[in-house]
Colleague: 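I'd like to ask some things about the structure below.
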Amino acid sequence: MADEPKPDRGAEKLTLIQLLPNMLTVIAICAGMTAIRLGLQGSYEYAVQLILLAAVLDGMDGRLARALKSESGMGAELDSLADFLNFGVAPGFLLYTWALEDSRSFGWLAVLTFAVCAVVRLARFNVQRKSEDKAHDNAYFTGVPSPAGALLVMLPMFLSFAFASGPFLPDMVLALWMAAIGLSMISRIPTWSFKTTRIPRKNAKFFLVAVAFALAAAVTYAWITLVLFCLAYVATVIVMLPRRRRAKTDD
């Protein structure tokens with residue numbers, strides 16, 4: 001009996017370029033872990049900046065994987081685990097060590113609520129992504145995405161960095177805010193997905209100018225700009241919600 005041909009080991013090899021998306025995800029995980037360490041040391045501004053870096057990397061790795069045609073099941077699971085650490089664990093932990101550490105147990109309960117909501121939201125997203133049902137409207141997310149939830153839960157920190165010298169809201173308000181953002185991530189609220197947004201060609205130049213202005217503002221007035229971005233996102237969700245409900249009613 002003839003020997004069966006052995007599989008070509010060379011076909012299983014990946015180039016460094018193809019591994020680049022996974023490398024970005026690993027860097028994002030390192031940023032999230034370092035943010036937690038800096039939070040324990042009291043360097044909250046640097047810690048928040050690392051979470052923002054993780055959010056930027058999160059927006060890049062998936063698109064880069066699709067562009068390089070190097071998508072894989074391992075990469076998707078790695079990205080999901082990174083999202084849980086960077087957007088489900090680190091932001092709540094930072095807010096806790098920043099303002100709620102001396103509070104009663106309700107502060108830690110808010111952190112646990114936020115983390116559990118984040119992991120449930122990610123699990124639901126993974127199920128939807130793997131589902132064969134293609135009727136899902138890609139123009140909207142179901143609930144607030146985890147990166148947006150992370151930014152919103154850190155909004156009190158942005159406000160403090162911009163206008164105050166420390167926590168200025170009562171502990172109970174901060175805890176309720178964290179829990180509310182967590183619940184918004186697992187809600188059925190349709191939130192706008194910017195991935196499918198299209199800009200008319202005639203307005204592209206104005207959009208590019210607006211992006212340049214936003215980047216300049218983020219560099220010059222980082223915390224104030226982040227506050228405005230968070231408020232604008234909340235306003236977008238509120239404004240788009242009735243329109244989305246009417247569209248569902250008309251279908």
Side-chain angles (χ1 to χ4, degrees), residues 17 20-25 27-32 35 44-71 75 79 82-83 86-87 90-91 94 121 125 137-163 181 184-185 189-244 247:
I17 295 298
L20 185 57
N22 289 346
M23 292 165 61
L24 292 180
T25 305
I27 293 173
I29 292 174
C30 294
Y44 293 107
E45 293 194 22
Y46 290 121
V48 171
Q49 289 170 2
L50 284 176
I51 294 180
L52 296 175
L53 173 62
V56 172
L57 295 175
D58 176 69
M60 293 173 57
D61 57 6
R63 290 171 176 79
L64 188 60
R66 287 189 290 272
L68 297 175
K69 297 182 179 180
S70 60
E71 297 173 276
D79 183 68
D83 286 352
N86 296 331
F87 311 131
L94 285 182
R121 190 268 180 302
F125 176 79
D137 190 354
N138 292 324
Y140 292 88
F141 292 114
T142 302
V144 174
S146 53
L151 293 181
L152 290 176
V153 86
M154 293 189 298
L155 177 58
M157 300 182 75
F158 300 158
L159 288 168
S160 176
F161 297 158
F163 303 111
I181 297 301
S184 72
M185 291 194 292
I189 298 174
T191 56
W192 188 17
S193 172
F194 297 95
K195 296 179 181 179
T196 59
T197 302
R198 296 182 179 275
I199 306 298
R201 188 178 297 274
K202 64 179 180 180
N203 295 332
K205 54 182 177 294
F206 301 111
F207 176 76
L208 294 176
V209 171
V211 170
F213 178 81
L215 290 176
V219 171
T220 308
Y221 306 102
W223 304 121
I224 295 176
T225 304
L226 286 170
V227 170
L228 294 177
F229 280 167
C230 289
L231 296 178
Y233 181 81
V234 172
T236 300
V237 172
I238 295 173
V239 169
M240 295 298 293
L241 181 58
R243 298 182 184 180
R244 177 61 178 158

Colleague: Check the pair Asn86 / Asp58 against side chain to side chain contact (heavy atoms under 4.5 Å, CB included), numbers first and verdict last.
Modeller: CA-CA 9 Å; Asn86 296 331; Asp58 176 69; over 6 Å; no
Colleague: Would Ile224 and Phe163 satisfy side chain to side chain contact (heavy atoms under 4.5 Å, CB included), going step by step from the backbone distance to the final call?
Modeller: CA-CA 8 Å; Ile224 295 176; Phe163 303 111; 4.0 Å; yes
Colleague: Taking Ser184 for its side chain and Ile181 for its backbone only, find out whether a donor-acceptor pair lies under 3.5 Å.
Modeller: yes
Colleague: Measure the spacing between CG of Leu152 and CZ of Phe158 and express it to the nearest 0.5 Å.
Modeller: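 Leu152 CG to Phe158 CZ: 8.5 Å, rounded to 0.5 Å.
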Colleague: Search all heavy atoms of Ala55 against all heavy atoms of Phe87 and return the closest pair with its distance.
Modeller: CA-CZ, 3.6 Å
Colleague: Kindly give the heavy-atom pair with the smallest separation between Met154 and Val48, and that separation in Å.
Modeller: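 Closest heavy-atom pair between Met154 and Val48: SD-CG2, 4.1 Å.
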Colleague: Determine whether a donor-acceptor pair (N or O, by modelled atom type, separation under 3.5 Å) exists between the side chain of Ser160 and the backbone of Pro156.
Modeller: no
Colleague: Residues in side chain to side chain donor-acceptor pair (under 3.5 Å) with Asp79, at least two apart?
Modeller: none
Colleague: Working to the nearest 0.5 Å, report the span between CE of Met157 and CG of Leu226.
Modeller: 12.0 Å
Colleague: Can you name the closest pair of heavy atoms from Ala150 and Pro91 and give their distance?
Modeller: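 Shortest heavy-atom separation between Ala150 and Pro91 comes out as CB-CG, 3.6 Å.
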Colleague: So which heavy atom on Arg121 is nearest to which on Met185, and how close?
Modeller: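 It is CG-O, 2.9 Å.
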Colleague: State the OG1-CG distance between Thr25 and Leu64, to the nearest 0.5 angstrom.
Modeller: 9.5 Å
Colleague: Holding to ring-ring contact (aromatic ring centres under 6.0 Å, His included), I want the full list of residues that pass it with Tyr233, two or more places apart in sequence or in another chain.
Modeller: none
Colleague: For a 4.5 angstrom cut-off between non-hydrogen side-chain atoms, does Pro21 reach Met60?
Modeller: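 Pro21 does not reach Met60 side chain to side chain.
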Colleague: So Asp83 and Phe125, do their side chains get closer than 4.5 Å, heavy atoms only?
Modeller: no
Colleague: What distance separates Ile51 CD1 from Leu94 CG, expressed to the nearest 0.5 Å?
Modeller: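 One gets 4.5 Å once the value is rounded to the nearest 0.5 Å.
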Colleague: Nearest 0.5 Å please: distance from the CG atom of Leu52 over to the CG atom of Leu57.
Modeller: 11.0 Å
Colleague: Thr191 and Gly143: which non-hydrogen atoms are nearest, and at how many Å?
Modeller: OG1-O, 2.8 Å
Colleague: For a 4.5 angstrom cut-off between non-hydrogen side-chain atoms, does Val219 reach Thr225?
Modeller: no
Colleague: List the atom of Ala54, the atom of Ala31, and the distance in Å for their closest heavy-atom pair.
Modeller: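 That would be CB-CB, 4.4 Å.
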Colleague: Can you sort out the partners of Ser146 under side chain to side chain donor-acceptor pair (under 3.5 Å), two or more places apart, ordered by chain and number?
Modeller: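 Residues passing side chain to side chain donor-acceptor pair (under 3.5 Å) with Ser146: none at all.
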